[in-house]
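Reckoned from all heavy atoms, side chains included, excluding hydrogens, waters and symmetry mates.
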Amino acid sequence: MRSFLSNRTKTNTLMESVKIKSVYQSASLIAQDISFQPRNNQISFRSIFSQIVQDIPLRMPQGVEGIRICCSGRSGGAEIARTECGKYGKTSRNVFHQKIDYAPAEVSTRYGISGVKVRISYSKNKKGRAISETCSRGREPDGTQLGFGRYGTKSCRAGRLSYRAIEAARRAIIGQFHRAMSGQFRRNGKIWVRVLADLPITGKPAEVRMGRGKGNPTGWIARVSTGQISFEMDGVSLSNARQAATLAAHKPCSSTKFVLWS
C-alpha cells in the first residue's frame, strides 16, 4: 500500500498503524461505519443509532462517558432537509478541558448528500492515553508536534497572542497562497489554526474609581507555550509554505520558526 500510494502521488508516503481496543472509542470509525450503511441498503438513521446505543453501555467502563451523533440531510426523501440527533451519556461541548473526539463524514444517497457528525466524550479520570482520531498523524495532540499538515509554524518562546494577531497571521498565510498559487490553493490547499483565544481581557473606562469589580471584556487572548504549534499547512509547495510562514511571523508579538513533517 505504501509503494502504491507513493507511485500514484509521486511523494514519500508514511503509514502508521494505530491499535484500537474498541471501535466505539474512535469517532472517525463510527462516522465511517454510519456513512457506509445507507449505501448498501435502505436503512434509517434512527435504526443505525439504536444499534450503536445497544453496544455503548458495554464500553462505558473503558473510558467513554457519552456519545452524540447528528445526521443532516433529506432523510427518507423529504423535501426539506432536517437534522436528527441521538445522544447517550454526557457530551459537553462548552468546556475546553473536556476530552472530546470529533469526526465528520459524508454519504451520497439518491436524494443528495447527507452529513454525519460524531462526538465522543471521554471520562476525565481515565488512566493512560486517550484514544483520539482527531489528530490524523496518529500522535497524541499535545500541541508540540505537527498533527494535520506537512508544514507548520512553532513558537520559540512562551507568551500571549491576541485574537487580532491570530486573525492577521491567518490572513497573511492565505493571502500568500492565493497570490502564489491562484485557484490551486482553493482545490488542494489546507490550513489549520492550532491556537484558540479563549481568555478574556477586561478593562474599565477612564475616570472610574477603584472597586465595583472587573470591567467589561475588551478582547480575547491565547496563552502560547514554548514549542507549541500555531499554524499548519498542507497541499502547497515548500517554498510557498516557507514564505507564508515568514509573513505570518511578523504579525504576532512572539518569535516563531518554520517546521517540517519528518
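Separation of atoms OG (S155) and CD1 (I229) is listed at 9.5 Å; rounding is to 0.5 Å. The structure places CD1 of I30 at 3.5 Å from CD1 of I120, a figure rounded to the nearest 0.5 Å. With values rounded to the nearest 0.5 angstrom, T13 atom OG1 is found 10.5 Å from F4 atom CZ. Between N12 atom CG and L5 atom CG the span is 12.0 Å, to the nearest 0.5 Å. Rounding to the nearest 0.5 Å gives a distance of 11.5 Å between CD1 of I67 and CZ of R119. Atom CG in N240 sits 6.5 Å away from atom CZ in F177 (nearest 0.5 Å).
Note: the hydrophobic cluster containing I174 also contains V193 (ILVMFWY, side chain heavy atoms under 4.5 Å, direct or indirect links). If you chain together hydrophobic residues whose side chains sit under 4.5 Å apart, I201 and W220 never meet in one group. Linking ILVMFWY side-chain heavy atoms closer than 4.5 Å, directly or via other members, places L247 and Y151 in two distinct hydrophobic clusters. Tracing side-chain contacts under 4.5 Å through hydrophobic residues (I, L, V, M, F, W, Y), one reaches L260 starting from V236; they form part of the same cluster.
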| task | Starting from the C-alpha separation in whole Å, work towards a yes-or-no answer on side-chain contact (heavy atoms from CB on, under 4.5 Å) for R150 and L146. | result | CA-CA 7 Å; R150 189 177 298 272; L146 294 176; over 6 Å; no
| query | What do the steps show when you test V195 against V224 for side-chain contact (heavy atoms from CB on, under 4.5 Å), and what is the final call? | reply | CA-CA 8 Å; V195 289; V224 180; 4.2 Å; yes
| said: Run R157 and S255 through side-chain contact (heavy atoms from CB on, under 4.5 Å) and show every step you take. | reply: CA-CA 7 Å; R157 62 182 181 182; S255 59; 3.9 Å; yes
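Residues D101 and V118 form no side-chain contact, since every pair of their non-hydrogen atoms from C-beta on lies 4.5 Å or further apart. With a 4.5 Å cut-off on side-chain heavy atoms, C85 and T83 count as touching. Residues D198 and Y163 are not in side-chain contact: their nearest non-hydrogen atoms beyond the backbone lie 4.5 Å or more apart. Using a 4.5 Å cut-off on side-chain heavy atoms (C-beta onward), I166 and F231 make contact. In this structure, the side chains of E84 and C70 stay at 4.5 Å or more apart for every pair of heavy atoms.
Looking at every heavy atom in both residues, A249 comes nearest to T256 through CB-OG1, 3.3 Å. Among all heavy-atom pairs drawn from K251 and A172, the shortest one is CE-CB, 4.0 Å. Residues K214 and K204 share a closest heavy-atom pair of C-CE, 4.2 Å. A244 and M233 get closest at one heavy-atom pair: CB-SD, 4.4 Å. Between F258 and A245 the shortest heavy-atom distance is CD1-CB, 3.5 Å. Across all their heavy atoms, T246 and H250 have their closest contact at O-CD2, 2.9 Å.
Residue-environment remark: NZ (K257) stays at or below the threshold of 12 foreign heavy atoms within 6.0 Å. Within 6.0 Å of CG in N7 there are more than 12 heavy atoms belonging to other residues, nucleotides or ligands.
Under the 3.5 Å distance criterion, the side-chain polar atoms of T226 are matched with a main-chain donor or acceptor of A158. Remark: the backbone N or O of Q228 is not paired with any side-chain donor or acceptor of S225 at under 3.5 angstrom. A donor-acceptor pair under 3.5 Å is absent between the side-chain atoms of K117 and the main chain of Y102, judged by distance alone. The main-chain N or O of R194 is never found under 3.5 Å from a side-chain atom of E232 such that the two would form a donor-acceptor pair.
Salt-bridge formation is detected for the pair E167/R170: a Lys NZ or Arg NE/NH1/NH2 atom is positioned less than 4.0 Å from an Asp or Glu carboxylate oxygen.
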